[in-house]
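Note sheet for the following structure.
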Amino acid sequence: MDINEIRKRAEQARQQAAESMKKTFEKSEELVNKLEISSSEEEAAASDAKAENQSDASSRGQVEILGQLFGNDGTEQMMEQLFGEDMGVLAAALEMLEAEDADEEEDPVFDWELEQSLYTTLEETMARLEAIPEPEPIPYQKNDANWERFGILLSGIISTLNDHHLDSMDVEEHIPVMEQKIVSLVRRSWGINGRSDLLDMIRYLAQDGYILRYQLYSEASSPEELMDETMDEEDQEAARRAWRFAQRYKSQYAPGFMAGWDIGRAAMLTRWGCYLGWITESEAVGILWDLSQKAAEELHSWREFAQSYLFGGLMWKLLCGDSSAGSYLGYIADAATDLLTGKPEEDSGQWRSCPWPAQRKIGFTL
């Protein structure tokens with residue numbers, strides 16, 4: 001069988017899979033496509049990248065959904081029923097076609113020119129956010145109900161990218177396919193496998209995180225101070241990029257400016273952990289309260305919070321050596337813009353409807 005015939009039959013397999021499964025998995029597929037695998041931290045993240053609607057229901061995408069719903073054995077049985085003896089040939093063809101697609105879509109090399117362009121992108125994007133109007137900060141009382149709302153909205157950027165709910169602690173409807181998807185996201189992107197790991201990561205982000213990392217890179221006189229014998233050449237080059245980043249901005253932004261990047265991700269992990277039942281809702285409310293206090297102490301507005309998230313996000317991408325960082329910054333900026341300019345009734349504009357807490361003024365008695 002020549003390559004053209006293989007391609008033809010692979011395409012027929014895709015079409016047959018799409019037609020056979022469309023009705024059965026329409027709802028599941030719609031919900032699954034709501035999630036972005038990031039982050040990041042990522043880390044990650046994933047990305048923190050924007051969810052993509054699949055324009056063609058490829059066999060690979062269908063197999064992934066089936067695997068989550070029925071397990072690998074059930075997937076293989078159904079695919080064999082659909083394609084019979086051609087399964088081995090078609091699988092090989094799909095692997096080959098995917099490899100060709102990957103070759104065609106290689107990311108650009110992360111070189112000095114790209115690094116400089118990312119600095120320009122960051123600065124221009126932060127300036128655009130600065131120009132967006134937002135309500136003046138208002139005083140929050142200690143027991144103000146606004147604190148709980150504010151804490152949830154600290155997860156706003158990642159929630160918007162993933163099309164999560166922002167009107168309550170739950171990020172999504174409690175259905176198995178969504179729960180499994182979020183479990184997979186948290187485990188793969190963060191290496192978190194349950195309650196203990198979750199609390200350790202939230203604690204790290206709240207106490208150290210990129211605030212400490214940026215401080216260390218800012219204070220180092222050379223990138224070599226940040227390296228040790230366990231680092232390979234790729235890790236060393238990542239350290240050099242992050243060091244150059246910190247040196248470029250250390251006179252303009254203090255370590256505390258990283259608070260939005262750390263707190264935004266910690267808030268999202270808190271909500272994910274509550275959704276999965278790894279922590280109780282009362283525990284989540286308490287964690288978000290603590291994160292809210294730190295955010296209000298370090299930052300002064302939702303715009304500054306978003307700028308901090310952009311700032312930390314670029315440092316993370318530099319450390320990861322991810323040349324798609326420019327697109328990632330664009331996704332973040334778009335999400336922040338929606339939160340600042342949209343309308344709550346249209347499921348946007350949530351930041352604008354919840355003003356930033358005014359910093360408390362400390363009085364002195366003489």
Side-chain angles (χ1 to χ4, degrees), residues 36 38-50 52 102-132 157-158 161 189 209-228 231-262 264-265 299 303-337:
E36 171 204 55
S38 67
S39 81
S40 265
E41 287 100 322
E42 127 135 85
E43 246 143 33
S47 191
D48 322 306
K50 207 170 189 177
E52 297 178 357
D103 290 339
E104 293 173 0
E105 299 174 1
E106 277 190 16
D107 289 330
V109 176
F110 207 128
D111 56 15
W112 175 256
E113 183 178 352
L114 176 57
E115 187 177 327
Q116 296 304 304
S117 72
L118 289 173
Y119 294 151
T120 300
T121 299
L122 173 68
E123 292 159 12
E124 291 176 349
T125 305
M126 291 174 70
R128 287 199 299 271
L129 287 176
E130 183 64 32
I132 297 175
I157 289 176
I158 309 178
L161 291 175
S189 298
Y210 268 63
I211 288 180
L212 177 59
R213 179 171 290 191
Y214 177 69
Q215 180 179 347
L216 293 175
Y217 278 74
S218 299
E219 294 174 350
S221 59
S222 72
E224 285 69 31
E225 291 183 19
L226 304 163
M227 301 177 189
D228 59 45
M231 299 174 68
D232 59 21
E233 180 55 39
E234 185 176 344
D235 292 336
Q236 292 176 13
E237 186 53 41
R240 294 186 187 98
R241 286 192 297 266
W243 180 81
R244 290 192 292 267
F245 173 88
Q247 296 302 307
R248 180 185 180 96
Y249 293 111
K250 66 179 183 180
S251 63
Q252 186 176 359
Y253 299 108
F257 184 66
M258 279 286 186
W261 171 243
D262 287 334
R265 294 177 300 147
L299 303 170
R303 288 182 309 232
E304 191 175 25
F305 179 85
Q307 291 169 331
S308 170
Y309 205 96
L310 284 164
F311 192 69
L314 180 53
M315 185 174 181
W316 170 54
K317 288 293 188 180
L318 291 170
L319 282 165
C320 294
D322 188 344
S323 58
S324 67
S327 297
Y328 178 69
L329 296 179
Y331 294 146
I332 294 173
D334 288 347
T337 300

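Values reported hereafter were calculated over all heavy atoms of this structure, with side chains retained and with hydrogens, waters and symmetry mates removed. From a predicted model like this one, the values you see are computed outputs, not experimental measurements. Residues take their numbers from the sequence shown, with the count starting at 1.
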**OP:** Check the side chains of Glu124 and Tyr119 for a donor-acceptor pair under 3.5 angstrom, ignoring hydrogens and angles.
**Re:** no
Atom pair [atom1]/[atom2] of [X] and [Y] - distance to nearest 0.5 Å:
{"X": "Ser117", "Y": "Leu122", "atom1": "OG", "atom2": "CG", "value": "11.5 Å"}
{"X": "Leu299", "Y": "Gln307", "atom1": "CG", "atom2": "CD", "value": "9.5 Å"}
{"X": "Glu237", "Y": "Leu319", "atom1": "CD", "atom2": "CG", "value": "11.5 Å"}
{"X": "Asp334", "Y": "Leu161", "atom1": "CG", "atom2": "CG", "value": "8.5 Å"}
{"X": "Ser324", "Y": "Leu118", "atom1": "OG", "atom2": "CG", "value": "9.5 Å"}
{"X": "Ser327", "Y": "Lys317", "atom1": "OG", "atom2": "NZ", "value": "9.5 Å"}

Taking all atoms of both residues into account, what is the closest heavy-atom pair of [X] and [Y], and its distance?
{"X": "Ile157", "Y": "Ala306", "result": "CD1-CA, 4.2 Å"}
{"X": "Gly312", "Y": "Met258", "result": "CA-SD, 3.4 Å"}
{"X": "Ala333", "Y": "Leu129", "result": "O-CD2, 4.2 Å"}

Original post:
Would you call Glu233 and Arg240 a salt bridge, taking side-chain N to carboxylate O under 4.0 Å as the test?
Top reply: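 Yes, Glu233 and Arg240 are salt-bridged.
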Original post:
Is the shortest side-chain N to carboxylate O distance from Arg241 to Glu115 below 4.0 Å?
Top reply: no
**OP:** Step by step, work out the side chain to side chain contact (heavy atoms under 4.5 Å, CB included) result for Leu314 and Thr121.
**Re:** CA-CA 10 Å; Leu314 180 53; Thr121 299; over 6 Å; no
If you define the side chain from C-beta out and look only at heavy atoms, does anything of [X] sit under 4.5 Å from [Y]?
{"X": "Leu114", "Y": "Ser323", "result": "yes"}
{"X": "Gln116", "Y": "Arg248", "result": "yes"}
{"X": "Ser218", "Y": "Gln215", "result": "no"}
{"X": "Glu219", "Y": "Glu225", "result": "no"}

**OP:** Indicate, with yes or no, if the rings of Tyr217 and Trp243 have centres closer together than 6.0 Å.
**Re:**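 Distance test on ring centres: not under 6.0 Å, no.
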Original post:
Yes or no on side-chain hydrogen bond (donor to acceptor under 3.5 Å, both in side chains) for Tyr249 and Glu123, after CA distance, side-chain angles and deciding distance?
Top reply: CA-CA 11 Å; Tyr249 293 111; Glu123 292 159 12; 2.6 Å; yes
Tell me if a side-chain donor or acceptor on [X] pairs with a main-chain N or O of [Y] at a distance below 3.5 Å.
{"X": "Gln236", "Y": "Met227", "result": "no"}
{"X": "Ser308", "Y": "Phe257", "result": "yes"}
{"X": "Arg213", "Y": "Gly209", "result": "no"}

Original post:
Among all residues two or more places apart in sequence or in another chain, which pass the ring pair (Phe, Tyr, Trp, His ring centres under 6.0 Å) test with Tyr214?
Top reply: Phe311
